2 protein chains.
Amino acid sequence: MKDVAQHAGVSTATVSRVLNGHAAPTPETRERVLAAIEELGYRPNALARSLRTTSTQTLGLVISDLLNPFFAEIARAVEDEARSHGYCVVIGNADESAEQEATYVRTLLDRRVDGLLLCPATDDPGLVREVSAGGVPLVLLDRTVRGATCPVVRADGSEALTALARRLVGAGHSRIGVIAGPPNTSTGRERTDVLTGSLGGLAQVVHGDFRQESGSQAAAKLIDDGVTALIAMDNLMGLGALGEVRARGLRIPHDIAFAVFDDQPWFPLLDPPITVVAQPTVEMGRAAARSLLALVEGRQPDDVRLTAKLVLRGSLGEAEL
Amino acid sequence: MKDVAQHAGVSTATVSRVLNGHAAPTPETRERVLAAIEELGYRPNALARSLRTTSTQTLGLVISDLLNPFFAEIARAVEDEARSHGYCVVIGNADESAEQEATYVRTLLDRRVDGLLLCPATDDPGLVREVSAGGVPLVLLDRTVRGATCPVVRADGSEALTALARRLVGAGHSRIGVIAGPPNTSTGRERTDVLTGSLGGLAQVVHGDFRQESGSQAAAKLIDDGVTALIAMDNLMGLGALGEVRARGLRIPHDIAFAVFDDQPWFPLLDPPITVVAQPTVEMGRAAARSLLALVEGRQPDDVRLTAKLVLRGSLGEAEL
DNA sequence: GATAGGTGTGTAATCGATTAACTACTGCTC
DNA sequence: GAGCAGTAGTTAATCGATTACACACCTATC
């Protein structure tokens, strides 16, 4: 910057003003400065700028698993929305580990992100409190924590799950296997509660960890127990469960009815196509980014609750008639 | 930091020394400083530190599309490897747009990432030159550019593709549809060249853009042209093509043979499971991160060329016998 | 007991921007 | 022509760390 100033025969203050479109400079001075910048190929140092202004134009996003297409899609949407507002997104991968999550959150805070988007790995409010105490804008995404005091953006699957349950019961299923998420995550617990609630005593629950492997194990156990329907509470566990079903040569929906919470582009390609509860992932991501940006700008956004929809495709068999 | 120093009755220099495990401080002083840090909940400002040290402990990763599981997996691997070396990764989404790619690269440079990992959207070397001119360590990933002078990490699919071609020809296919990537990307061109080379005049090529939609369109055109086999050059176009095949009620492999470059966890679940050329994505990501870190540390890593493998699963029909 | 060599800390410059406060100049009014 | 307003640009403090250099003190040595 000093070089540019010298080159243009002005002070660094003037260069800075030109750069930031500030009040003062004469068109003529402006030209000179811009020419010098061009000539020297000068680019301002964002670190120095941020240090001075205490704004990094950066949002942090900590998610559980980038490999999970659900989160990848969310990340993509967040990034899109943020960029359109001139913000960058730094993504942190927590790997469903509370410890790694905390590490990442702290790293991002150390780097002075302007705001933080968090898909908490557990419903323990400790980390959330820590962030709030630091005065950094925080929005929770997809999952919440106990006694959260910050805005939350999530999908509500109750209606869709209730409808799904009603159909299965109506079609005469009496042993229904639920591959649930971890009970210490809000989504894991809530979805399962809704489902078991509307299934009465017909539900048989096995908890997984939102990963493929746990899905196949849970499916194996439930099939051994003689369930006639399987519902996986997230797409990765669904993938695992599907593998197990195939491995045993069971036909969907003839031998077993099947549904997954969370849609994927390849579900319609299966034979039969898989019935799902589809979450509005892109909208969730965008809404979360918008809420966070509002918070960063000093406004107080409301919680956002988008509704998930039941998409019938045939894998439930006669329950869909 | 000043507060901590005051609290511990020392100077900021001493605090800094304690923080960085430097030579000097007495165990006793150390204790006092650490206690003060603890008490005040002090966390150092990474921006200030980076400004001073000119090291951000951050790598930049610019990829074409986070929604493409291939890149998501790579991103994940890069992040993993980087973290294990104490580095953060900032991910930028270029959306297969050269312009957005350039914007992102510049943003990352402005933020003084210690190194940059790039999956170039086109094979135009302009951007790469710009980065190199800035003296920032750069490694290309998956794709290269014309006359690249920096290390490149990629998968070599020639052998697998040649084997695939031989099988199809051997099984008597005489019109083979190739859904190719954009000709202005190195992967798009190379894979197609290898394939058409070994297919002699039997190949019929339609170019897509590595997205699902272009895959279905290309498939439609090729099927209309009467091909008896389809090969998609990336998983998203494969997804699109598969949709088109299904929509027309064609059976694989009976009516049409099918293969995809790039494996996905759900390919084995299709009926029949899809034959693929599997790239070692995780290894690519890790290798790229390692190469970049080597470069950052002043060493000169070699290019890395990992081999992709043909995985036969049944979607080629008699070509697999 | 003066000198040299070590050790542990403090002082202050520095990284590269932003910006409040100030100065210098121009032009206008009475 | 003195006074005032307004404009364009400069000077220097500041953000929060790191670190070269200086300093004070202690111990060995001759």
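Computed from a predicted model, the values in this text were never measured in an experiment.
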5'-most contact on DNA chain D (nearest-nucleotide basis), A:Val10 vs B:Ala48, goes to A:Val10

When rounded to whole Å, the CG to P distance for the pair B:Asn20 and D:dT19 reads 7 Å

Is a salt bridge present between A:Arg189 and A:Asp123, judged by a nitrogen-to-oxygen distance below 4.0 Å? yes

Quick one: label A:Thr29 by what it contacts on the DNA or RNA (base, sugar-phosphate, nothing), any heavy atom closer than 4.0 Å. sugar-phosphate

Tell me which one of A:Leu306, A:Ile74, A:Asp142 satisfies side-chain contact (heavy atoms from CB on, under 4.5 Å) with A:Gln279. A:Asp142

Between B:Leu19 (CG) and D:dT19 (P), how many Å, whole number? 12 Å

State plainly whether the residues A:Asp124 and A:Arg129 are in salt-bridge range, i.e. N to O under 4.0 Å. no

Lys/Arg N to Asp/Glu carboxylate O, A:Arg43 vs B:Glu130, below 4.0 Å: no

Hey, does B:Thr53 reach any base, or is it just sugar-phosphate, or nothing, if we go heavy atoms under 4.0 Å? sugar-phosphate

For A:Arg154 and A:Ser186, which I'm curious about, is there any donor-acceptor pair between the side chains at under 3.5 Å? no

Could you check whether A:Glu190 pairs with A:Arg143 (Lys NZ or Arg NE/NH1/NH2 to Asp/Glu carboxylate O, under 4.0 Å)? no

Under the side-chain contact (heavy atoms from CB on, under 4.5 Å) test against B:Pro125, which residue among B:Thr149, B:Val145, B:Thr144 passes? B:Val145

Considering heavy-atom distances to DNA chain C, does B:Glu28 or B:Thr54 have its closest nucleotide positioned more toward the 5' end? B:Glu28

With a non-hydrogen cut-off below 4.0 angstrom, is B:Thr14 in contact with a base, only sugar-phosphate, or nothing? sugar-phosphate

Within the structure shown, what part of the strands sits under 4.0 Å from B:Thr26 by heavy-atom distance: base, sugar-phosphate, or nothing? sugar-phosphate

Does D:dT10 have its OP1 or OP2 closer than 4.0 Å to a side-chain nitrogen or oxygen of A:Thr12? no

On DNA chain C, reading 5' to 3', which nucleotide is the first and which the last to sit with an atom under 4.0 Å from a heavy atom of chain A, could you check? C:dG16 to C:dA21

Rounded to the nearest angstrom, tell me the gap between atom CZ in A:Arg17 and atom P in D:dA8. 11 Å

In whole angstroms, the gap separating C1' of D:dG9 from CZ of A:Arg32 amounts to 11 Å

Calculate the interatomic distance between B:Leu47 atom CG and D:dT18 atom C1'; express it in whole Å. 15 Å

